[in-house]
Amino acid sequence: MAKLRPNNGKYQFTMDDAYRQRLQQTIIATLPAGVELVASNYARSTASSYWLLKIVAENGQMNWLTLRVATHELWLAHAQQVEVLWDDPGDFDELTAAIKVSLTRPAMQANQFRLSQLDLALLHLLRTLEQHKLIWFIRMAPAMAAAHKAVSFDLKTDFLAAQLYLGDRNNANNLLVPVAVPNFQQRLATFYGRNLLFSQFTKHSLMKLLPTNQWLQPILRELAVPTDWQRLLVAAFGEDFVQTGLKLMDQKNDRN
């Protein structure tokens, strides 16, 4: 059978193991030659899912690609993803056809990315901060925050105009340090648009930016973190930027 019908009339398959397995099998079977599925993550409240693909070039260089499968368009403008719109989630014949239409060679070439040594240093920093319960926040315009993804959010304008903070993952009221490093904020926007970060809304128009660990773990197994990662971050974003993160991690350690 091509279809797996929704429970209780709602398209909330993503918490169902059988659905996830069928979805993964369908995507693997539909991928072009030379493209490998590495990891996935799923929305809790919708039928949206995200898939990390690996593409190894003839020279051995490794590229990555984000595939998004959903019933609605992504709320982020200028995200670096290949989007597959699935009108009837549960109809896997439809999904197979939609992937073949969307995952073309030009679309893959336009959206795949390669991670630099600085990117790997940043991913290591994001993961290390989170291990100390520290994450990045941005303060959105109140109307946009209240719309909760119903209004398009432009990664080239809205994201870069928002105030950036480093704070306590579990209690932003306890710790929220403003950080003004435009080049770093631009990198965060790029990571978010690739789904290397995912978001959660909180009060006071804040949006949490959390590392997508299902993806970071296999990436950092494949690509080693530079041993001089701190030096790379200092060279790119300044000593004060790095020291802010290190000091907050030390504070967290002292409290524990």
Side-chain angles (χ1 to χ4, degrees), residues 14 23-24 26-43 46-87 89 94-123 126 138 149 151-160 183-199 207 209-223:
T14 52
L23 180 56
Q24 179 173 311
T26 301
I27 288 172
I28 290 173
T30 315
L31 292 178
V35 180
E36 177 186 340
L37 175 62
V38 175
S40 60
N41 73 314
Y42 305 86
T46 70
S48 301
S49 58
Y50 297 81
W51 306 82
L52 178 64
L53 308 180
K54 182 174 69 174
I55 306 165
V56 180
E58 291 182 1
N59 61 4
Q61 290 185 318
M62 200 173 299
N63 291 339
W64 306 89
L65 181 70
T66 296
L67 177 68
R68 177 179 184 263
V69 176
T71 59
H72 59 282
E73 292 184 353
L74 183 65
W75 75 303
L76 300 177
H78 297 112
Q80 193 175 1
Q81 304 178 11
V82 173
E83 183 172 71
V84 175
L85 295 180
W86 191 9
D87 291 332
E94 180 199 331
L95 176 60
T96 296
I99 293 174
K100 289 180 178 178
V101 168
S102 300
L103 199 61
T104 61
R105 184 171 295 276
M108 291 171 57
Q109 290 175 341
N111 288 285
Q112 63 186 285
F113 56 90
R114 187 171 300 158
L115 295 168
S116 68
Q117 291 292 286
L118 178 57
D119 289 330
L120 296 172
L122 273 174
L123 293 179
L126 294 174
I138 58 171
K149 298 189 178 182
V151 176
S152 178
F153 187 64
D154 195 314
L155 292 174
K156 291 186 177 180
T157 56
D158 299 322
F159 190 102
L160 300 184
N183 290 343
F184 171 70
Q185 193 157 337
Q186 175 65 69
R187 292 273 181 163
L188 279 186
T190 299
F191 284 174
Y192 185 35
R194 294 172 174 172
N195 197 52
L196 296 170
L197 295 165
F198 69 97
S199 58
M207 185 172 72
L209 296 167
L210 301 119
T212 307
N213 286 317
Q214 303 99 311
W215 292 21
L216 266 57
Q217 290 170 3
I219 286 175
L220 295 178
R221 282 196 299 266
E222 292 268 11
L223 302 172

Dump the intermediate steps for side-chain contact (heavy atoms from CB on, under 4.5 Å) on Leu188 and Phe159, then the final yes or no. CA-CA 9 Å; Leu188 279 186; Phe159 190 102; 4.0 Å; yes
Is the shortest side-chain heavy-atom distance between Met108 and Leu53 below 4.5 Å? no
Heavy-atom distance under 4.5 Å between the side chains of Tyr192 and Ile138, does that happen here? no
Measure the shortest side-chain to side-chain distance between Leu65 and Val35 over non-hydrogen atoms and say whether it is less than 4.5 angstrom. no
What orientation do Phe153 and Trp75 show, parallel under 30°, tilted 30 to 60°, or perpendicular over 60°? parallel
Which atom pair, heavy atoms only, marks the closest approach of Ala107 to Ser102? CB-O, 3.4 Å
Please find the pair of heavy atoms, one from Pro211 and one from Leu216, that lie closest to each other, and give the distance. CB-CD2, 3.8 Å
Please tell me if the side chains of Leu223 and Asp119 come closer than 4.5 Å, counting only heavy atoms from C-beta onward. no
Mind checking the CG-CG spacing from Leu85 to Leu95? Nearest 0.5 Å is all I need. 11.0 Å
Considering only heavy atoms from C-beta outward, does the side chain of Thr212 approach that of Leu52 to under 4.5 Å? no
Residue pair Val84 / Ala98: nearest heavy atoms and the distance that separates them: CG1-CB, 3.6 Å
Quick one: does any side-chain atom of Thr66 pair with a main-chain N or O of Arg194 as donor and acceptor, under 3.5 Å? yes
Quick one, Leu196 with Ile219, criterion side-chain contact (heavy atoms from CB on, under 4.5 Å). Give me CA distance, side-chain angles, the key distance, then yes/no. CA-CA 10 Å; Leu196 296 170; Ile219 286 175; 3.8 Å; yes
What's the separation between atom CD in Gln214 and atom OH in Tyr42, rounded to the nearest 0.5 Å? 9.5 Å
Can you tell me which residue pairs pass the salt bridge (charged side-chain N to carboxylate O under 4.0 Å, His left out) test with a partner in residues 106-115, sequence neighbours excluded? none
Gap between atom CG of Leu23 and atom OG of Ser40 - 0.5 Å precision: 8.0 Å
Using 0.5 Å steps for rounding, measure from the CD1 atom of Ile99 to the CG atom of Leu67. 6.0 Å
Taking Gly193's backbone N and O only, do any of them form a donor-acceptor pair with Gln81's side chain (distance below 3.5 Å, no angle check)? yes
How many angstroms lie between atom CG of Asn111 and atom CG of Asn63, to the nearest 0.5 angstrom? 12.0 Å
Taking the side chain as every heavy atom from C-beta outward, state whether Phe191 and Leu122 have any pair of such atoms under 4.5 Å apart. yes
Given 3.5 Å as the limit, does a donor-acceptor pair link the side chain of Glu83 with the main chain of Glu73, or not? no
Closest contact, heavy atoms only, Arg187 versus Leu118: NH2-CD2, 3.3 Å
Is there a side-chain contact between Leu37 and Gln24 (heavy atoms, below 4.5 Å)? yes
Heavy-atom closest pair, residues Ser152 and Asp158: O-OD2, 4.0 Å
What's the shortest heavy-atom distance between Gln109 and Gln112, and which atoms? CA-NE2, 3.4 Å
Ile55 side, atom CD1; Met62 side, atom CE - distance, nearest 0.5 Å: 11.5 Å
What I'd like to find out is whether the side chain of Phe198 reaches to under 4.5 Å of the side chain of Tyr50, using heavy atoms alone. no
